[in-house]
Colleague: 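Here you go, one structure.
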Amino acid sequence: MQALSMRYLLFIAGMGGLLYGIDVGIIAGALPYLESTASVAWKLSAQQLSFIVAAVLLGSVLSSLFAGAIADAIGRRWAMVLAGALFTISIPLIALSDGYTPLLLGRLLQGISGGLIGVVVPLYLAECLGAQQRGRGAALFQLLLTIGLVAAAVIGLLQAQNVEAATQAAQALPDTARAAAVFDAKDHAWRSIFWMCLAPGLVFTFGSGLLAESPRWLVQRGRIEQARSALLRSRAAAAADAELRDMQAAAGVVVQHAAPGGPSEGDIAAARGVVAGRGGAPAARSPAGAAAADDRLLSRRYMLPFLLACLVLACTQATGINSVLAYVVNILNQAGLPGASANMADVGLKLLNAVMTVVAVLLVDRKGRKFLLMLGSGGIVIALLSAGLLFRSVESERRDVGAIVAAQAKGDTLSLRLDAKTLKALGAQAGQDAAPQLLTVSYSYGPFTNVQTRRSDDPALAPMVLSRDDTVQPDSVIGAFFRRLHLNPFADPAAGRNAPLTIEQAQIGALPSAAHGWQVTLAICLFVASFAVGPGVCVWLALSELMPTRIRSNGMSIALLVNQFVSTTIAAVFLPTVGRHGYAAMFFFWAGCTVVYFLAAAFLLPETKGKTLEEIEAHFAR
């Protein structure tokens, strides 16, 4: 029975990791079809599409700030149920959406769910598992997270094959009917991708409700008998009683009938000084605890490890990992791979990520955190530079056709279909034997900018329409409120209302070959493998080990906020940046950030393998 309860606990916790991975990875397979359909039907800009991707990260930031307080208020188990319920609600909200707002709201709910899962599930595992099982539990959560990324990629691949089959079947139809059939297939694809994620959300939500509450949270609430019952579900009676006494000592609860060798009053008093913030009402502090409270986060002896932890987390996101995983199908499409091949490569990348995560778990306690971070960041630099150079070789061949495109504008609008006639006007080759062409147009109405791309081999051949109504977005109710307070950082709709259409940049060039696409795929494979074996696992260990015990909760909260801020910012600017400056610029920027990461790992980060926290603190106190 105890073994069965343990397996069930690990299964549900693993499902939490699976949902977290799906949260991050599901948009990669859906985005190409969302961009092809919703951007046309709902007139979404590149900035709005970026916000849809970044909404998950923003929601994660918001929930990470309050996840600990929520888990303390309602318990770890019900916080997990809440996270699963939010994820489950988000699925129909996204899949049934008929506009930008419900789609953005659904993605935001997915992010809030992911942020709760990322904090509460590891916390629940740490508080419920015995010392011998904690490592296995943490590794299982991380492994299932990467499997969630794989599952998201497989779902995207299945839908990509359906879209290609529908496109082939529509080839015999007239142009208008063919375009409508392809549009419907793509619209059905991205909605189906999200519908397929509903089942694991339901399993995690209802499965979490059947778990026992965290025994440590119950002890903090004085519910000792319930805590003992929770422990007995996975431990023998003697082990449960011994661990319960230790919990009571740490919580400052008087131990009734303590067995010989149990905690003394001095043990309890000492524990009170170091467990503040774990949950429940704060315990009275001992003199040692009061002294600990006087050590502020920015005290001199803590400045270096705190800033180093923030640098490590910021550089981890500045490698571009989340944006690469989210946009990988788009990246490979632009590199020259057709739709199904790009989705298949996406699945391979997610599998590689899972395999290398297992390798990292096996090596981290043998080779050490510093070695793996240097190895991983070094491999990332090589991979990003390679991908950047490959894209640069293609993007440098594109020609500027801004004057020709601007001449086709009628007033402040422009409609352009990339057919044979337009290709000839732009000076590009047209016809059956000509290479497919890619047109990228960056334009603005005053402070409002947007980027659109069209491929000449797109079966739908949707026209590129530039209009003020689609570009100048009015303020929401919240945005208008902050505008009146002069606190809205975004562009003012009044400034774009009468501004003329300006073609800032227009470039056309041949699509890269499939061979070029596979070369970029190899570079991204090296990138993902290097990240998984280095920063992917080591960064969280380094964070918890670098932060001194007395400031760990406050320090980790701020460092994690820095991590999420950098990730959200990169995701929000990705599409506008690559549309205006190309993919090469983005890859080179990430490579530069990763060089800083490598130098920090080599010269600033101490090796923490096999060292106690006191030894690590002493290193920074010299």
Side-chain angles (χ1 to χ4, degrees), residues 31-55 58 97-105 107 183 187 327 330 334 400-418 422 426 438-455 458 460-480 482-483 488-508 569 571-582 585-586:
L31 187 61
Y33 309 121
L34 187 62
E35 190 172 10
S36 300
T37 58
S39 61
V40 175
W42 303 337
K43 311 299 184 185
L44 300 187
S45 66
Q47 189 66 69
Q48 287 175 312
L49 286 170
S50 287
F51 283 156
I52 290 170
V53 176
L58 176 60
S97 60
D98 59 353
Y100 175 64
T101 300
L103 183 60
L104 184 67
L105 179 59
R107 291 284 291 164
F183 183 93
D187 184 73
Y327 294 107
N330 279 33
Q334 296 298 314
D400 181 19
V401 291
I404 301 175
V405 171
Q408 300 194 34
K410 296 180 180 180
D412 290 329
T413 62
L414 173 67
S415 180
L416 194 69
R417 185 184 294 273
L418 204 57
T422 303
L426 296 175
L438 175 69
L439 174 66
T440 303
V441 178
S442 302
Y443 61 98
S444 66
Y445 289 90
F448 287 83
T449 62
N450 197 11
V451 178
Q452 291 197 43
T453 61
R454 290 294 184 272
R455 294 173 53 149
D458 184 356
L461 268 185
M464 179 184 292
V465 179
L466 317 185
S467 70
R468 189 189 312 277
D469 292 341
D470 298 340
T471 308
V472 180
Q473 302 297 326
D475 280 335
S476 63
V477 174
I478 297 175
F482 282 104
R483 181 84 62 196
N488 191 327
F490 299 104
D492 188 349
R497 194 167 297 132
N498 298 312
L501 169 63
T502 301
I503 303 298
E504 297 183 348
Q505 186 182 63
Q507 292 185 328
I508 192 168
T569 301
V573 304
F574 180 81
L575 284 180
T577 300
V578 299
R580 184 167 177 78
H581 302 289
M586 207 76 219

Colleague: Should Leu426 and Leu418 count as side-chain neighbours, where that means a heavy-atom distance under 4.5 Å?
Modeller: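 Counting from C-beta outward, Leu426 and Leu418 do come under 4.5 Å.
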Colleague: With rounding to the nearest 0.5 angstrom, report the CE to OG1 distance, Met464 to Thr440.
Modeller: 7.0 Å
Colleague: Which residues satisfy the side-chain contact (heavy atoms from CB on, under 4.5 Å) test with Ala506, sequence neighbours excluded?
Modeller: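 Here the qualifying residues are Val401, Val405, Val441, Ile503.
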Colleague: For the residue pair Ser442 / Glu504, report whether a side-chain donor-acceptor contact shorter than 3.5 Å exists.
Modeller: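 There is no such pair (donor and acceptor under 3.5 Å, judged by atom type) between the side chains of Glu504 and Ser442.
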Colleague: Is there a side-chain contact between Leu466 and Gln452 in this structure, where contact means two heavy atoms from C-beta onward sitting under 4.5 Å apart?
Modeller: yes
Colleague: Atom CD1 in Ile52, atom CZ in Arg107: separation rounded to 0.5 Å?
Modeller: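 Ile52 atom CD1 to Arg107 atom CZ measures 8.5 Å (nearest 0.5 Å).
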Colleague: Please report the shortest heavy-atom distance between Pro493 and Val472, naming the atom on each side.
Modeller: O-CG1, 3.9 Å
Colleague: Mind listing the closest non-hydrogen atom pair of Trp42 and Tyr100 along with its distance?
Modeller: CE3-N, 4.2 Å
Colleague: Side chains of Leu439 and Leu416, heavy atoms from C-beta outward: is any pair under 4.5 Å?
Modeller: yes
Colleague: Output the distance between atom CG (Asp400) and atom CD1 (Ile508), rounded to the nearest 0.5 Å.
Modeller: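 Output value for this atom pair is 11.5 Å.
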Colleague: Any idea which heavy atoms bring Leu104 and Ala55 closest together, and the distance?
Modeller: CD1-CB, 3.7 Å
Colleague: Any side chain to side chain donor-acceptor pair (under 3.5 Å) pairs touching residues 403-416, not counting sequence neighbours?
Modeller: Asp412-Arg468
Colleague: If you take all heavy atoms of Pro463 and Arg454, which pair is closest and at what distance?
Modeller: O-NH2, 3.2 Å
Colleague: List for me each residue that meets side-chain contact (heavy atoms from CB on, under 4.5 Å) alongside Thr471, sequence neighbours excluded, and say none if there are none.
Modeller: Tyr443, Tyr445, Phe448, Asn450
Colleague: Do you know the tightest heavy-atom contact between Pro447 and Gly496?
Modeller: CD-N, 4.1 Å
